[in-house]
Structures are given as C-alpha cells and as structure tokens.
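Shown next, in structure tokens, is the structure this report addresses.
Just so you know, ligand 1 is whichever comes first in the structure, and atom 1 is the first atom listed for that ligand.
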Amino acid sequence: MTRMRTNVYRVHGMMQSYFTRKMTGYLDYKGIPWVLRRFPGASPEAMASGFPGGVPAVQTPAGEFMWDSTAMIHHLELRFPEPAVLPADPVQRFVCYLVEDAADEWLYRPAVGTRWYFAENAAVGGFELARDIAVKMPVSCDQAHAAVGAHVLSSCPPLGVTADTIQLWVDDVLRPWMRVLGAHLARRPYLFGERPSLADFALFGGNAAHFTNDPLCRRWVEEDGPAVVQHTHRLLEPEDQAFGAWDDSASVPDTLTAVLAELCKRYLPWVSRACVDGVAD
Ligand SMILES: N[C@@H](CCC(=O)N[C@@H](CS)C(=O)NCC(=O)O)C(=O)O
C-alpha cells in the first residue's frame, strides 16, 4: 500500500544547506506543512520541470516544482498571507530586502568558504551534508563527502573565496557581522521587532545550516554574538511562541543602524558595482 502524503510541500534539499533552511524556517513559522526530501542537488523530475539548479527545489501539493527562495516566499505569501513576513512600512520593507540580499548573496560566500576551507567544519557540516546527499545516491558517505567538497570548493573562487582569502572573509566580514547582529538581537528578538521578517529567515538559513552548525563557526558566534544563537533557536521551534508587532518605524534602534553601517563597509560597495556593471568580484 502506498501512503503518499498529498497535502504537503516537499522540500528537495539537505539539512545543512543554506537556502533549504531558509525555506524550512519560513514554512515552520507559517505553519505550512512540509516534508524534507533529501536529494543530491538534482533529480530527473526536477530537471524535467526546468529546475536550473540551486538547492532547494520545492514541490507543491499539486506536484509542481518551484525554486529560488525569494520567489517561492513571495508566492507563498500570496497563498498564506498571515502572519506576513514583509513589514508593511515601506522603509522597513526596503531594509528587510536589503538584509535578505546581503544574507543570500554576500554571507553565503563565507558560509561555503568556512565549511570547506576549515577541516574541522568540513568534517562535521560537510559530512552531515554528504549524509543527506547519499540518501539518493548509490555511493558511500565518504564518497559523497569527497564529491560535494570538490564541487563546492570549485564554485568558491568565482565568489572571491579561496584558501588565501577565507581568513579575510572571517575577520573582515563574518565576525564583525555577528558582532553587530548579535548586539541588535540582544535588544530585539527579530530584526524589525517582535516577529520575524523575510530577512530573519534569510539569516536563519545561513545560521542554522552553517554558522551555528559548523563547530568552528559556532564557537565564533557564541563569542561574538550569542544572541544570534538564541535567534536561531527561536526560529528552529516557532510553534509554541507568541509573536508581536513590528517595531515603530519612526524610531530606529541604534543597533539596527549599526547593522546597516556594517553592511556599508564591504557589501554595499560590492552590490553597487554588481548593480551598475552587472558583475562584481
Ligand atoms: N537563489 C537561490 C540560491 C540557491 C543556492 O545557491 N543554493 C546553494 C546551496 S544552499 C547551491 O545550490 N549552490 C550551488 C552549488 O552547490 O552547486 C535561492 O534563493 O534558492
């Protein structure tokens, strides 16, 4: 007898994947039923529907595939409007998109770099990732680990992440970021108040899959911004929590200003170049 569950979204991804966890964090908060379907990054069904790659792909209860976390969340917001994850205030909404972009396009770089250029992280986060991949591949976990490590490392230099630059990413980008984010989250449970936004889920994805998961990163976060660990824990188990209102947009906490100032140092020049030139190193 087949017991196919038809009323759930199927998240085709892995637990130690940045964008998979962005989606699962969002789905859990919204109370949208989902199951994880571990896959190695591609599957015949997903490819047949045009999936271009970029984990995860999500299958709707009707069986259709969709991808790209930002587009998927916008789609789901229309189907499941409450509780909304886009702040109503236009300035807060703009900042929300800004932080989401920084999480997706900028902090992703030190996430993959710290996992694969530091042996301690590769041995834990990398191995856990490989274990999910091996579910759908006829290979040993060690073989999956070696293959996914080689694949991700080959994708790093075009992102500006190499063996020579990874320590700079840690010292100049990742750890300063965790300090300002931690200081803000020590004052407010979420970026824009008493409830999480799209940007909180983008950050949660990287934090749950990498920065609070991989041992070396976890120690840095505990030292630099312990409130980031608490933010991750809250979004891991949102079901029994009470959520409140967005902050008053007229009074911006100075800790949020500091978060934006930190992004102005390295992310803003980079994203400005990318927007104007269509490409940036
Ligand atoms: N824009 C996509 C990005 C998806 C993405 O880049 N996923 C990562 C893994 S978490 C990936 O597949 N990286 C490329 C690779 O590993 O080949 C989204 O928001 O879902």
Side-chain angles (χ1 to χ4, degrees), residues 9-27 32 34 36-43 46-47 49-60 64-77 85-86 96-117 121-122 125-137 144-162 197-214 217 232 267 271 274-275 279:
Y9 285 79
R10 294 182 142 63
V11 180
H12 297 261
M14 310 105 176
M15 286 304 269
Q16 272 65 37
S17 142
Y18 203 98
F19 294 93
T20 300
R21 299 306 294 280
K22 178 182 174 187
M23 286 309 298
T24 64
Y26 169 81
L27 293 167
I32 301 171
W34 63 276
L36 183 68
R37 284 296 163 260
R38 292 164 179 85
F39 91 148
S43 67
M47 302 325 263
S49 69
F51 174 57
V55 177
V58 176
Q59 215 175 353
T60 69
E64 290 170 321
F65 278 93
M66 54 184 184
W67 49 85
D68 192 82
S69 57
T70 309
M72 288 191 280
I73 290 175
H74 279 95
H75 165 76
L76 291 166
E77 284 295 285
V85 302
L86 291 170
C96 174
Y97 279 129
L98 181 88
V99 176
E100 190 217 15
D101 189 72
D104 286 3
E105 309 300 337
W106 186 242
L107 296 169
Y108 174 73
R109 294 161 189 243
V112 288
T114 51
R115 170 160 296 162
W116 294 104
Y117 285 113
N121 286 345
F127 192 80
E128 290 167 338
L129 187 74
R131 214 164 42 205
D132 275 7
I133 288 171
V135 168
K136 294 281 166 50
M137 287 192 88
H145 190 205
V148 69
H151 168 74
V152 180
L153 278 172
S154 74
S155 76
C156 283
L159 302 178
V161 182
T162 66
S197 68
L198 175 65
D200 288 276
F201 294 108
L203 294 174
F204 170 79
N207 293 335
H210 289 255
F211 301 129
T212 71
N213 182 77
D214 294 7
C217 295
T232 309
Y267 160 76
V271 78
C275 289
V279 63

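- Nearest heavy-atom pair across Met14 and Pro40 is CE-C, 3.9 Å.
- Scanning all protein heavy atoms for the shortest distance to atom 5 (C) of ligand 1 gives Phe19 CD1, 3.4 Å.
- Classification of the Tyr26-Phe201 ring pair by plane angle, with boundaries at 30° and 60°, yields perpendicular.
- Of the protein's heavy atoms, Ser17 OG, 3.1 Å lies nearest to atom 10 (S) of ligand 1.
- Between Glu100 and Lys22 there is a salt bridge, since a side-chain N of the basic residue sits under 4.0 Å from a carboxylate O of the acidic one.
- For the pair Val11/Arg37, no side-chain contact is recorded, criterion being any heavy-atom separation below 4.5 Å from C-beta on.
- For ligand 1, the polar-atom distance check against Val55 finds a nitrogen or oxygen pair separated by under 3.5 Å.
- Scanning the protein for heavy atoms near atom 2 (C) of ligand 1, the closest one is Asp68 OD1, 3.6 Å.
- Closest to atom 15 (C) of ligand 1, if we only count protein heavy atoms, is His151 NE2, 3.5 Å.
- With a 4.0 Å cut-off on non-hydrogen atoms, Trp67 does not touch ligand 1 at all.
- Using the six-membered ring where Trp is involved, His145 and Trp116 have ring planes that are tilted, between 30° and 60° apart.
- Checking only distances, Ser69 does come within under 3.5 Å of ligand 1, N or O to N or O.
- For atom 8 (C) of ligand 1, the closest non-hydrogen atom of the protein is Tyr108 OH, 3.5 Å.
- The aromatic rings of Phe39 and Phe51 sit tilted relative to each other, their planes meeting at an angle between 30° and 60°.
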